[in-house]
Amino acid sequence: MSIHQRTLHKAVLFSRRFCSQSFEKGYPIPESFLVNAAPHHIENFDKYKEMYQWSIAEPEAFWSSQAKKLLYWKKPWNKTLDFNFDIQKGNIHVEWFKGGLTNACYNAVDRWVEAGQGDRVAYFEEPNLPNEPSRVFTYGALLEQIQRLSHFLRHQCHIRKGDTVAIYLPNIPELPISMLATCRIGAIHSVVYAGFSANALAERIMDCKARVLITCDGFQRGTKMLNLKSVADEALKIVDRAASHHHFQVKHQIVLQHLKLDQTEYSMHHPRDIYWHEALSNSDPHCPVEWVDAEHPILVLYTSGSTGKPKGVVQATAGYQLHATSTFLYSMNYHLGDVFFASADCGWMLGHSFMVYGSLANGATHVIYSGVPTYPDPGRTWAIVDKYQVNQFLGAPTLIRSLLREGDEHVKKHSRKSLRLLCTAGEPINPHVWKWYYETVGESRCPIVDTWWQTETSGVMLLPPPVQGFIQKPGSAGVPFFGILPKIFAQTENGTFQESNQGTLCIARPWPGILRTLLNDHRRFEETYFHPFPGYYYTGDGCVRDEDGCYWLSGRIDDVIGVSGRRIGTTEVESALISHPHVAEAAVVPVPHELKGQAVYAFVTLRANIQPSENLHLELRQVVREKIGAHAVPEMIQWSPALPKTRSGKIVRRILRIIAEKGHMLSASREELGDISTLAEPQVIDELIQIRLSLVNNKKQVA
Ligand code: ATP
Ligand code: MG
């Protein structure tokens, strides 16, 4: 079966049954949020709908007005939009604002300094330990460092417009500085998250042919010291070994002395390696901006790899920044002076957009933290919120689940009075977790903005708009953002597709922040996103739209489980399991079943101090029976100390599925598991396989 056929097959299976998502009661946007905040960017939900209608009826006029309002243009564009979304009519392409000249670094930083606002704080850096001194970077300070680094890259490393620079840094202000310095001179950056291994780094460097690598000596994350320079050196060795094949070499490595590690801990390789401070101090504090075409590529960033080998997503300068800026402004209801804290890493798309390009273009003040959210105690996140008087907080569901698991006392001992809005992104948030976030963390004062997006979409696509009159529903990612036209497809009896309220989520029109291609592989780009449903961008996610027009993500189409002809989305069963007070996390996958076709296999992590028991096992089955129905009751429940996750915190069901199906027969080489380089803690797999094995040996434990 081709990828295309497999995808269609999945979509068909999924669409045969109407998902029994139990819709929760609605929560109006809290009155205290509406009255306390500065005048809102959008008065109410009627106004939101009016703007949305305009954005759909006249996308070019709408986005032109946003582009003029939110970005600076050195030269106006000739054509607002040119595109082909239909693979049957030729190659897929999207161009926004072609002919216009701009620069994303200028939009993010220079503008504020030129407007006399250089003293405003761009980043408060929270240190690893609460009592260590913190660094503060104003827009003015940021600009100076950016220009020095740009100058060095341009004149000493001979980086030209269109060349690529790889960045391997922890979540510290030098990460956005490096990104902005790169795009200031028209070069393209490829940020590799600092948790990746030497192999993963080398693979990404070779894929994008980076001529320069920017890294640091090391960094402290909680009690762990990570010697980044050694990993970077190891990666460069791999790159050198492959040099004959790839015909290129990393010529320069810029090394920030972040921890000021003793130089016996790593070595500098002259003339390739140079220290950051030496590079910057010998370089000019003025480096003119390279004005680039709106469609000039700004970045390549690899997807999380939840479903397989990561894809090198390429974004275009203006459309990318416009979408990021516009979605940050409206979804966070951001106002100058607000303090925004995302417990996320600039190395992910969310961080690129909401901690660098989109947020800086709004003049935002951020808190940036590279430590552990629960170190030295589980209340650390809320201590940071109080310390900087954070107004908007963003945390992925995986983080919120882990904080919930630690207990309320760690939240309640901190004031959190400055918080006005809470955001989440990256995975479905289970309704039970949503309520805890809303009631316990936000004290029912803060809207929960559950944003759905992808690396490929670069900005928010679905959101509960935090405006008067909108009713939030725990677990729903709300309604489409401006200019986003979602379509849900289900298959009819005769094999054709038709629009439905439940099935596969696709997007009908190009939005400014859509990826332009996959690096070095335009064919894979077309096959992945445009073959499954000709004429539409295919998201890979299953979805239900309710009677109010709200969207509920039901899990990846690839993860759908078919029990006796009925199709079950993973989110639904996991949310039912997690609603039990003893459950911290859950992931479900299909296993083959002689009679039913497939059965539900559940991996369940219990809350701290809760022991597994036969009783609990029965209770969990009962919860699923009550909330969804007998068909969705897990055939097996495997108690799991932890779940395999990507480094961005997403559960990797693809691997769980293999463990459930044949974990006890897996060979030691683990080859059958496919690419596991994106996993945060690969050793979790061994533990789960061991437990799987004991389940086989002791059938009684299996339900
Ligand atoms: P890969 O594409 O490499 O397998 P990935 O899809 O996990 O990895 P990302 O681009 O980081 O990589 O994640 C996007 C996906 O995350 C979405 O397709 C969706 O499945 C999930 N997601 C993101 N935000 C939400 C949300 N608010 N609710 C539900 N799911 C979400
Ligand atoms: Mg994806």
Side-chain angles (χ1 to χ4, degrees), residues 21-22 24 373-374 377-379 381 395-413 424 427-441 448 474-475 555 561 568-589 591 599-645 649-651 653 656 659-660 681 684 687-688 690-692 694-695 698 700-703:
Q21 179 79 55
S22 49
E24 301 275 335
T374 48
D377 71 77
T381 297
T398 180
L399 170 71
I400 304 162
R401 285 193 297 260
S402 77
L403 295 173
L404 187 162
R405 186 180 179 182
E406 299 285 353
D408 294 2
E409 66 276 16
H410 299 290
V411 182
K412 291 189 172 154
K413 71 175 180 220
T424 166
E427 272 195 307
I429 181 161
N430 319 94
H432 175 72
V433 178
W434 189 103
K435 281 182 206 154
W436 182 81
Y437 200 24
Y438 184 74
E439 285 163 5
T440 305
V441 176
I448 305 284
I561 310 174
I568 304 167
T570 50
T571 307
E572 212 180 356
V573 186
E574 289 163 6
S575 290
L577 289 167
I578 217 170
S579 72
H580 190 287
H582 290 169
V583 175
E585 255 183 330
V588 301
V589 295
V591 279
V600 177
Y601 189 111
F603 293 83
V604 171
T605 307
L606 297 175
R607 286 214 208 173
N609 307 323
I610 302 288
Q611 294 307 316
S613 68
E614 188 55 30
N615 236 354
L616 185 52
H617 191 259
L618 295 173
E619 281 175 32
L620 292 183
R621 290 167 56 89
Q622 186 56 23
V623 164
V624 178
R625 188 173 294 113
E626 275 168 18
K627 293 212 171 227
I628 308 173
H631 64 284
V633 169
E635 192 78 11
M636 299 186 197
I637 293 177
Q638 174 169 338
W639 308 115
S640 312
L643 297 171
K645 291 186 183 163
K650 293 166 196 265
I651 298 170
R653 290 179 193 75
L656 290 174
I659 296 176
E681 293 173 348
V684 168
E687 275 184 88
L688 293 182
Q690 278 311 316
I691 302 172
R692 177 78 187 91
S694 67
L695 286 178
N698 178 6
K700 265 199 287 181
Q701 281 187 43
V702 183

- prompt: So, does Arg692 use its side chain to make a donor-acceptor pair with the main chain of Ile659 at under 3.5 Å?
  reply: yes
query: CG of Leu577 to NZ of Lys627: how many Å apart, nearest 0.5 Å?
result: 10.5 Å
Candidates Val604, Leu606, Val583 - the one meeting side chain to side chain contact (heavy atoms under 4.5 Å, CB included) with Leu616: Leu606
task: Find the distance between CH2 (Trp639) and OG1 (Thr605) and round it off to the nearest 0.5 Å.
output: 10.5 Å
query: Counting distance only, does the side-chain N/O of Ser575 pair as donor-acceptor with the main-chain N or O of Glu572 below 3.5 Å?
result: no
- request: Drop me the distance from Arg405's CZ to Thr374's OG1, to the nearest 0.5 angstrom.
  value: 10.5 Å
query: Which atom pair, heavy atoms only, marks the closest approach of Val624 to Ala632?
result: CG1-O, 3.4 Å
statement: NE2 of His580 to CZ of Arg621, rounded to nearest 0.5 Å, is 13.5 Å
message: Please evaluate residues Val684 and Leu643 with respect to the criterion side chain to side chain contact (heavy atoms under 4.5 Å, CB included), reporting the C-alpha separation (whole Å), side-chain torsions for both, the decisive distance (0.1 Å), and the verdict.
response: CA-CA 7 Å; Val684 168; Leu643 297 171; 5.7 Å; no
query: Is the closest basic N to carboxylate O distance between Glu585 and Lys645 below 4.0 Å?
result: yes
task: Before giving the answer on side chain to side chain contact (heavy atoms under 4.5 Å, CB included), spell out for Val600 and His631 the whole-Å C-alpha distance, their side-chain angles and the decisive distance to 0.1 Å.
output: CA-CA 9 Å; Val600 177; His631 64 284; over 6 Å; no
message: Within the 4.5 Å heavy-atom criterion, are Ile568 and Val573 side-chain neighbours or not?
response: yes
field: Main-chain N/O of Gln638 paired with Ser640 side-chain donor or acceptor, under 3.5 Å
entry: yes
message: Can you confirm whether Ser579 sits close enough to Val623 that some side-chain heavy atom of one is under 4.5 Å from a side-chain heavy atom of the other?
response: yes
field: Exceeds 12 heavy-atom contacts within 6.0 angstrom, atom CD of Glu681
entry: no
- request: Output the distance between atom CG (Leu399) and atom OG (Ser402), rounded to the nearest 0.5 Å.
  value: 5.0 Å
query: Do Glu427 and Arg401 meet the salt-bridge criterion of a basic N to acidic O distance under 4.0 Å?
result: yes
task: Using a strict cut-off of less than 4.0 Å between a Lys/Arg side-chain nitrogen and an Asp/Glu carboxylate oxygen, indicate whether Arg653 and Glu574 qualify as a salt bridge.
output: yes
query: Looking at CD1 of Ile400 and CD1 of Ile429, how far apart are the two atoms once the value is rounded to the nearest 0.5 Å?
result: 4.0 Å
Pro641 vs Ile691 side-chain heavy atoms within contact, under 4.5 Å: yes
- request: Taking the side chain as every heavy atom from C-beta outward, state whether Ile578 and Val433 have any pair of such atoms under 4.5 Å apart.
  value: yes
message: Given 3.5 Å as the limit, does a donor-acceptor pair link the side chain of Thr440 with the main chain of Tyr437, or not?
response: no
message: Students often mix this up, so state it plainly: with edges at 30° and 60°, are the rings of Tyr438 and Trp434 parallel, tilted or perpendicular?
response: parallel
field: Close side-chain approach of His617 and Pro612, heavy atoms under 4.5 Å
entry: no
- prompt: Checking side chain to side chain contact (heavy atoms under 4.5 Å, CB included) for the pair Trp436/Leu403: CA distance, chi angles, key distance, verdict?
  reply: CA-CA 10 Å; Trp436 182 81; Leu403 295 173; 4.0 Å; yes
- prompt: With a 4.5 Å heavy-atom cut-off, do Pro644 and Leu656 have their side chains touching?
  reply: yes
field: Main-chain N/O of Gly379 paired to Asp377 side chain as donor or acceptor, under 3.5 Å
entry: yes
statement: Nearest heavy-atom approach of Leu688 to Ala642 is CD2-O, 3.7 Å
